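For reference, the structure discussed in these notes is given below.
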Amino acid sequence: MSEQPQILFKYRNVENYNNIDVYMKHEGYAAARKALQMEPDAVIEEIKASGLRGRGGAGFPTHIKWNGIPKNWDKPHYLVINADEGEPGTAKDRELMNKMPHLLVEGCIIAARAIRSNRCYIYIRGEYMEPGQSVRKAIQEAYDKGFLGKNIQGSGFDLDIHVHMGAGSYECGEESALMSSLMGERGMPRHKPPSAPLPVISGVWDSPTIVNNVETVATAAPILNMGGAAYGKIGSGRSLGTKLFTVSGHVNKPANYEFVLGTPIREILETAGGPLNGKPLKFFIPGGSSTPLFPATDKFLDLPLDYETMMANGSMLGSGGLMFFDEGVSVPALMTRLMHFYAHESCGKCTPCREGTNWLTKIHDRIMAGGGRHEDIDLLLDICNNIGGRSFCALGDAAAMPIQGALKYFRHEYEALIPDRSLSSRIYAPLPVAAG
Amino acid sequence: MAETITQAPETVNLTIDGKKVTVPKGTLLITAAFQAGADVPYFCHHPRLKPAGACRMCLVRIEKMAKLQTACTVPVSEGMVVDTLSPEVKQAQQGILEFLLINHPLDCPICDRGGECPLQNMTFQYGPGVTRFIDEKRHFPKPVPLNDYVSIDRERCIQCSRCTRFQAEIAGDGALAIESRGNSAVIAPFSLDGFQSHFSGNTVELCPVGALLSRPYRFQSRPWEFHSTDSVCSMCGVGCNIAVQTRTNQLMRVNSRLNEDVNEEWTCDTGKFEQYWVNSEERITTPMIRRASVLKPCSWDEALTAVAEAFSSAAKSSSNTVAGIGSTRTSNEEAYLFQRIFRTALGSNNIDHRMHDFPIRPMETSLAAIGEAKAIVAIGFDPKQYLPVVWLRIYKAISNGNATYAHVSSVDDPAVEAALAVGEGAILLTDDHIASADLDKLTKRAKSAGAKINVLLPDNNSWGAILMGVLPDRLPSLQPVGNGARPKFEALWGGPVPDKPGLATWDILKAGAAGDIRALYVLGSNPVASFPDRDLAASALEKIPFVVVQDLFLSESAQYANVFLPASSFIEKAGTFTNIEGRVQPFGAAIRPVGDSKPDWQILSELYARLGASAPFFGPADIAREIAHSADKNTFAGDRR
Ligand SMILES: Cc1cc2nc3c(=O)[nH]c(=O)nc-3n(C[C@H](O)[C@H](O)[C@H](O)COP(=O)(O)O)c2cc1C
Ligand code: SF4
Ligand code: SF4
Ligand code: SF4
């Protein structure tokens with residue numbers, strides 16, 4: 001087993017760590033103080049040295065995003081925290097917000113300092129009542145201690161944080177839809193390049209805006225504490241530092257874990273107590289339901305879990321929702337469930353996703369009910385190809401990719417569900433009898 | 001005027017399907033593609049709406065970009081190389097069309113949109129030949145009425161959001177919204193009270209499928225069956241350009257026509273849906289004459305002879321005993337002929353059309369200029385109710401140029417002062433009910449501030465009635481009856497024209513009630529219902545021994561008629577109307593006159609012949625020629641941007 005430095009989870013087991021006094025006894029707000037004394041660009045330099053990449057799914061280098069904020073505009077800048085955590089199989093931000101909300105608040109101060117923003121919104125998914133209350137309490141404590149509000153700790157820097165609860169929509173985790181929702185509009189995505197400028201130029205209320213995941217921003221505090229360069233020594237290649245993984249499914253100890261990026265999947269599986277009741281695993285999903293699955297063979301279990309390796313093997317690190325499934329799970333059944341999810345969460349704006357997810361769902365339902373046809377399998381792939389890269393936002397792709405993965409490795413499971421409709425079976429099948 | 005140095009607009013060069021094009025910076029790729037002659041299919045794109053990128057039909061390949069891009073959302077950039085024809089693009093377009101069709105009911109044979117349906121057309125041109133969809137389609141109860149005029153078939157909706165964007169961006173009321181999400185998303189009124197908008201009909205024309213439907217038109221006709229005639233709306237002073245679509249000599253539908261200066265491509269709901277009175281069974285289509293106190297059908301000859309005799313014998317005794325009350329709804333040609341008959345054949349200036357006194361003042365800006373104003377105040381009236389398409393210009397100024405807007409009841413409202421403080425670019429709007437003292441006051445303030453005032457007259461030919469001389473003291477082109485222009489008209493009309501101003505409407509009615517009028521001609525107006533003092537109007541018409549009413553319906557005033565002359569509606573004749581800006585716009589005859597009715601000009605012309613006119617008029621063009629000959633082209637030369 002490799003060594004697993006605990007950076008975000010360092011004080012996970014400290015009692016009342018969500019209380020500001022306890023938090024402050026454990027390095028709390030030291031990084032924020034440090035950031036307030038630094039030039040904004042120096043903060044960004046530290047983040048650059050750390051190699052931190054977005055933990056929300058896309059893995060975009062955080063310092064590049066922060067540096068994209070115009071340096072000398074007299075428009076307000078906004079920091080928006082993506083706490084929508086809608087990706088099935090992911091619950092890391094929930095634990096962060098429940099147990100260590102001050103890491104998030106402190107991270108917000110650092111990020112706001114770096115991008116010279118005086119206003120931050122934390123957009124929390126509607127179902128997250130408990131994390132919402134926890135973060136609100138932490139914000140209040142930070143105000144009371146003078147870490148938020150006007151002239152923080154005499155630095156001359158002002159910051160207000162507002163909590164905005166979503167209304168229950170996966171799509172509102174997509175950063176541009178999140179911005180629409182935050183502004184009180186319908187939760188639909190907004191134009192991106194090349195159709196419109198990036199949010200760093202024109203985001204909420206047409207002002208420069210940064211949207212970052214909870215974990216991304218929470219990591220800023222430990223990075224400043226230990227120094228960007230030291231953080232950047234952890235991990236390898238372009239996958240640096242540690243990341244939270246939500247390990248779930250057929251394992252003995254499902255939970256959130258912190259691992260160095262690039263830890264072999266097998267090690268993660270073992271840390272999570274190995275396969276549930278020792279039953280052999282069939283497959284796993286590496287990064288949340290939108291990432292294509294891998295069979296649970298040695299070849300894939302031995303892969304290091306990092307951005308590049310997952311990409312090179314046709315999947316993604318995603319949000320870090322690692323799900324293991326044993327032999328009892330039917331891949332088409334799981335995909336049916338997932339398609340219902342994506343069809344239900346499609347915002348309906350664009351044709352491929354609105355109609356495509358619906359069609360994928362109907363075909364899956366029919367196959368599961370015994371009405372599948374052999375041509376349905378290629379049809380599924382064709383539909384996925386017609387969605388992929390053609391939808392307005394990435395939700396469409398997120399719905400298509402899992403099917404493509406499932407059919408790559410488990411096409412035979414679909415085929416097995418398709419009844420034999422040869423001539424003889426049709427002739428000798430009992431005729432349906434009308435009721436009554 | 002100060003010299004302005006105009007800079008050459010910045011341009012961008014790009015290549016589309018191997019063809020080089022140069023377009024202004026900021027142009028959307030789809031527009032550039034059309035300019036290059038490429039045929040990019042689309043549904044949600046509309047040049048007057050903000051880009052949506054929703055239908056994904058216009059996917060094209062832009063070199064160096066990872067994915068196909070929607071041409072309707074991407075602004076061109078220098079050196080862009082675009083392919084709209086590759087097999088990859090075609091395959092993507094087919095894929096999108098297949099998606100659009102899987103849940104589509106395809107009930108084209110009973111769909112109002114069939115035959116002029118973008119979805120149908122695109123499917124023929126770009127769609128897959130067969131369906132691969134064997135599952136159950138999406139179902140909704142259909143159609144559902146949204147308001148009195150529009151209903152929705154949600155199964156046919158392709159969620160292009162043209163309708164919701166129109167309501168939000170152009171009408172400015174956000175009256176439609178998308179409800180629910182994903183595959184269950186439906187278009188629904190924002191308000192629980194339904195689709196509350198003066199502009200709902202525009203969404204029927206914008207909808208690229210048969211989802212939003214005109215209720216009056218539903219199942220009435222197919223687009224290839226009717227005949228479409230260029231016309232001008234008869235419902236208010238804006239004069240929206242419309243297409244009158246008719247079949248079996250009946251009005252089927254009114255659509256808008258493009259006129260950038262007037263209505264762009266919009267109309268209000270009144271214009272689109274409230275013109276069906278032309279088809280009404282209640283129209284009177286035979287002349288009638290009163291016998292033993294009852295109006296009885298008679299021949300045109302009998303009716304016109306009775307009118308001619310009554311008027312010439314009254315005029316012979318004294319030209320002060322005849323009078324005519326015209327209308328703001330007859331064409332310019334008809335208004336002109338009406339006053340010409342009174343002034344020449346009857347020798348009387350007792351002719352008017354006004355139901356109250358109002359300031360006769362041309363607009364100081366064009367309609368289009370309202371859309372570019374910096375501050376707008378509507379004083380004493382609500383443009384949205386009264387002249388809805390003017391509101392669209394106001395909203396354009398609000399939404400594009402961040403103009404301030406207020407609608408206030410008094411000239412002393414602080415909002416007026418605030419607008420005047422803006423100075424140049426401020427426009428004050430009032431209707432014809434503004435007191436002239438108030439208008440004078442306002443004029444002084446506006447002049448010194450550099451602001452403009454537009455007095456907006458209500459009816460489709462309010463200005464026509466004025467400029468054609470249906471006024472007791474004015475000849476055509478607002479020439480006073482007493483001054484130097486009269487000889488010109490006397491020469492043109494071949495006889496003397498009285499030089500004393502005649503009686504205004506209110507004086508005609510007073511004289512009538514006092515027993516001093518012997519014959520009254522009511523042309524297209526209805527004083528008993530629309531004169532403010534209705535009792536006076538009624539007692540005058542009661543008292544006047546001979547009243548002729550020329551109209552489409554048996555109006556309140558027609559109850560007092562000795563002769564009723566059935567006129568044709570505006571879709572049964574040709575002519576011109578003059579809109580609030582003074583813009584003369586032609587309209588054509590879409591159908592034959594209904595029953596025995598005749599166009600007003602024709603009735604007047606035939607009467608004129610009986611009164612001894614030298615040369616008859618054979619058609620509106622004849623009259624128009626004389627108007628053009630006599631008109632003073634400077635009459636309407638206010639300060640026109
Ligand atoms: C359909 C969809 C849902 C998403 N949901 C989330 C989410 O719940 N939380 C999140 O942090 N990012 C989510 N993302 C990713 C965000 O769009 C965005 O990349 C992220 O917030 C950027 O933050 P980061 O740079 O810190 O990772 C989602 C993306 C898509 C396409
Ligand atoms: S892909 Fe299209 S329909 Fe799906 S969520 Fe994004 S914008 Fe909405
Ligand atoms: S909307 Fe067009 S394609 Fe659809 S049923 Fe009507 S005519 Fe046919
Ligand atoms: S009702 Fe028509 S215009 Fe509106 S979204 Fe549907 S298809 Fe588009």
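Being a predicted model, the structure only gives us computed values, none of them experimental.
B/R132 contributes atom CZ, which lies 10.5 Å from atom CG of A/D376 (distance to the nearest 0.5 angstrom). Between the CG atom of B/N183 and the OG1 atom of A/T361 there is a distance of 8.5 Å, given to the nearest 0.5 Å. Separating the OG atom in A/S195 from the CD atom in B/Q69 is a distance of 6.0 Å, to the nearest 0.5 Å.
Crowding of B/M65 atom CE: a count of heavy atoms from other residues, nucleotides or ligands under 6.0 Å exceeding 12. Around the NZ atom of A/K75, the shell of radius 6.0 Å holds more than 12 heavy atoms that belong to other residues, nucleotides or ligands.
For the options B/I62, B/L68, B/I178, heavy-atom pairs under 4.5 Å to chain A are most numerous at B/I178. Interface check for chain B: of the options A/E171, A/R354, A/M188, the most heavy-atom pairs under 4.5 Å are formed by A/R354. Looking only at heavy-atom pairs under 4.5 Å with chain B, the residue among A/D382, A/I383, A/I363 that has the most is A/D382. By number of non-hydrogen pairs under 4.5 angstrom with chain B, the leading residue of A/P193, A/C350, A/P352, A/G389 is A/P352. Contact count against chain A (heavy-atom pairs under 4.5 Å) is highest for B/A54 among B/A54, B/S184, B/G95, B/A185. Looking only at heavy-atom pairs under 4.5 Å with chain A, the residue among B/Q94, B/R56, B/K67 that has the most is B/R56. The candidate from A/E375, A/K349, A/R190, A/H191 with the greatest count of non-hydrogen atom pairs under 4.5 Å with chain B is A/H191.
The part of B/E98 that comes within reach of chain A is its side chain, from C-beta onward, which places non-hydrogen atoms under 4.5 angstrom from that chain. Proximity to chain B involves both the backbone and the side chain of A/R390, based on heavy atoms less than 4.5 angstrom apart. At a 4.5 Å heavy-atom cutoff, the contact between A/S391 and chain B is made by backbone atoms alone.
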Between A/T351 and B/I158, does a side chain to side chain contact (heavy atoms under 4.5 Å, CB included) hold up when you go through it step by step?
CA-CA 8 Å; A/T351 307; B/I158 59 167; over 6 Å; no
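In terms of modelled atom types and a separation under 3.5 Å, the side chain of A/S346 and the main chain of B/G182 share no donor-acceptor contact. Without hydrogens or angle criteria, B/R181 side chain to A/H344 main chain gives a donor-acceptor distance under 3.5 Å.
A salt bridge links B/R138 to A/E355: one of the charged nitrogens lies within less than 4.0 Å of a carboxylate oxygen.
Of all the heavy atoms in B/P75 and A/P194, the pair that sits closest is CD-O, 3.2 Å.
Inspection of the B/Q91 and A/N385 side chains reveals no N or O donor paired with an N or O acceptor under 3.5 Å.
Tested against B/D135 for a salt bridge (Lys or Arg N to Asp or Glu O under 4.0 Å), the candidates A/R373, A/K362, A/R366 yield a single pass: A/R366.
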